[in-house]
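For the numbers below, each heavy atom of this structure counts, side chains included, while hydrogens, waters and symmetry mates do not. Here is the naming used below: chain letters follow the sequence lines, and residue numbers restart at 1 for every chain.
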Number of protein chains: 2
Amino acid sequence: MRPTMKDIAQKTGLSVTTVSLALNNKPANIPPRTRELVLNAARELGYRPNKLAAGLRGKCTNTLGLILPDIRNVFFSSLCKGAEDACREMGWNVILCNTSDSHRRDMEYIQILADRSVDGILYCISSDSTLLQAQESCKLLGSLSMPFVLLDRDAGIAGCDLVLTDHRQGGFLGARHLLFLGHRHIALVTGPSHLNGCKQRLDGVKRAYEDAGIVFDPALVYEGNFRLESGEASVDFLLNKKISAVFAFNDMMAYGIYKGLRRRGLRVPRDLSVIGYDDVFPSDIVGVPLTSVRQPVYEMGKAGARRMISRIQQPQILCETKLLSPVLVLRESTAPFK
Amino acid sequence: MRPTMKDIAQKTGLSVTTVSLALNNKPANIPPRTRELVLNAARELGYRPNKLAAGLRGKCTNTLGLILPDIRNVFFSSLCKGAEDACREMGWNVILCNTSDSHRRDMEYIQILADRSVDGILYCISSDSTLLQAQESCKLLGSLSMPFVLLDRDAGIAGCDLVLTDHRQGGFLGARHLLFLGHRHIALVTGPSHLNGCKQRLDGVKRAYEDAGIVFDPALVYEGNFRLESGEASVDFLLNKKISAVFAFNDMMAYGIYKGLRRRGLRVPRDLSVIGYDDVFPSDIVGVPLTSVRQPVYEMGKAGARRMISRIQQPQILCETKLLSPVLVLRESTAPFK
DNA sequence: TTGAAAGCGCTAACAT
DNA sequence: ATGTTAGCGCTTTCAA
């Protein structure tokens, strides 16, 4: 059996209280000699605190729940790694929950994590959630008095912490780069238009256009669904327009565009400049490395976890939205307009 | 505050014991009427059991630890998803631990997970571990009486459960396919030769050669390190040999070979047939979709978690090595020999 | 059929 | 400076 504080107490002839006080560096007047005594006994016995017992008694389990759609998606696994790294550095652990993008499972996992007394939840709202459902999950979290930080998805929930990429800036950076290269007729392959992230990217694009004195043309917008197929499907649309460049609102669709162009014997960037968004895939496995607006996903996970732990330790701090800056990563899929 | 059993006891006028017995369907003779009474009260109060308390008192926390090198690697995130899915189905949860392939961190996390009273650990040994170090981790697990299942990596540890791909069969399948296409001079770009997984792939390749009456030529073997760069670096070697096909022991190196060939203006499969191993990347984002030997990674995670839970529930069952069958996935990077 | 009581390992108010 | 005591929420023996 694992040694407990009781064993240390027995071995030293002290009480369990003194042992607890000494081991936890509590501001009781434990004289150095006694502390030494306890610490030595603990070392000799190979004592390790039982986190379950400490969690049950005290207020804190040092555990976070992480709810996300699917860890197989590199976006979320990077987020997760960031969160876990931050937690490890601070002595916390992470319980991982995959929802398969189902709101029902969001709700289930919130309950389960509360049952397990996690101290807080890092929450990527499942994308099948309506605004109402997102509010419902957050209400559940509230009714459980469970602190949480929303990651990546801005569902328009007020009064909570939020960490995500500044998509307005992201859209701006992507568009500005194409404009800088001399492109004047640029198509957009967006994601679902009701998503805040897409609206903001679009805003950013428009701002870049304004700066350059270009008129935004809604006829050059193709609404995709973030999947490769929709990028591929957009190619027919693209080739019917007089454009020299396309900005895809994620990399998957950019690769779909690659595929559609390839099938038609067209080349990137010779025939069309392509820029993506996210930059989560290893870029060197594809023939023409993709220029892309990188979301700092790992950092997002880290920032989210840190924020969560801060909030747990100081519940009174004000809610904030943390916008992380995207970075334009130049590769070979964009070329100057000729 | 969350309602507890005490609250249910108060509300029903029964004792906490009876409540516990009724809620947990224990084989005490609780008459249906009493149980109803308890269940109703529980529902009305919105009672949810406190898993921390149950874990502290009882023997089981229904929690597994999952130790792996880096969740950002799609191989491990698929494994993780499989494990988590299996756990969810059975009412278990997963604490995720990334080791960055460092043995020291393996050891640390084993301790931490034990401190948290997980019931078992799914363990992907970090690849920087020597055989001795792998044995050390397993010894630590043993000394903590912590049940565990090794995943993916066969470090030659005896007396424990192990779930991994049948790499002998994988090597066989890949080589047989190339032979079937008429290739007779085939290069291998392997991983580090001391790894069991590589040895077994090589064995499988040799067996396929024997079946076809081909002599294995060690001069056609290039030892890579599983990274893209080493695949790319192998191309000089490959082009100096009289070969028509190459079998890379993972996909990353296969993509490195793609890259090296592309740079030299050579085409896959026209100039060289290429077959990979793992099949974890989305194959449709690359120009020439890669033929590859697929490891059933998701299933591996699932099988591992199931095995772990079985062992926890029946500690006496015999240890077993579960070999999962790889699958040859035909795509466009291999062509008949001309 | 039900309940009292002990205890899992720990923390913390209170006492000495 | 240290110990006594109570209790976190639950399970489980033992007794009634």
I need the [atom1]-[atom2] distance between [X] and [N], as an integer number of Å.
| X | N | atom1 | atom2 | result |
| --- | --- | --- | --- | --- |
| A:I30 | D:dA1 | CD1 | P | 8 Å |
| B:L37 | C:dG3 | CG | P | 11 Å |
| B:E36 | C:dT1 | CD | P | 16 Å |
| B:R116 | C:dG9 | CZ | P | 18 Å |
| B:D119 | C:dC8 | CG | C1' | 15 Å |
| A:R35 | D:dA1 | CZ | C1' | 12 Å |
| A:L21 | D:dT4 | CG | P | 14 Å |
| B:R2 | D:dC10 | CZ | P | 8 Å |

Numerically ordered, the residues 5-15 of chain A set in heavy-atom contact under 4.0 Å with DNA chain D is A:G13, A:L14, A:S15
Strictly below 4.0 Å, heavy-atom distances to any atom of DNA chain D: list the hits from residues 44-59 of chain A, or just say none.
A:L56, A:R57
Does a donor on one side chain sit under 3.5 Å from an acceptor on the other, for [X] and [Y]?
| X | Y | answer |
| --- | --- | --- |
| B:T18 | B:S15 | yes |
| B:Y109 | B:N98 | no |
| B:S137 | B:D106 | no |
| B:S129 | B:S126 | yes |
| B:N93 | B:T63 | no |
| B:D166 | B:S325 | no |

Would you check if A:L113 and A:I67 make a side-chain contact, meaning some heavy-atom pair closer than 4.5 Å?
yes
Taking only the side-chain nitrogens and oxygens of A:S20, find out if one of them lies under 4.0 Å from OP1 or OP2 of C:dC10.
no
Taking only side-chain N and O atoms of B:K26, does any of them lie within less than 4.0 angstrom of OP1 or OP2 on D:dT12?
yes
Decide, yes or no, whether a salt bridge links B:K302 with B:E89 under the criterion of side-chain N to carboxylate O below 4.0 Å.
yes
Spell out yes or no: do the side chain of B:T17 and the base of C:dA4 have one donor N/O and one acceptor N/O closer than 3.5 Å?
yes
Can a donor-acceptor pair under 3.5 Å be found between the side-chain atoms of B:T34 and the base atoms of C:dT2?
no
Judged by atom type as modelled, is there a donor-acceptor pair below 3.5 Å linking the side chain of B:R311 to the main-chain atoms of B:I317?
yes
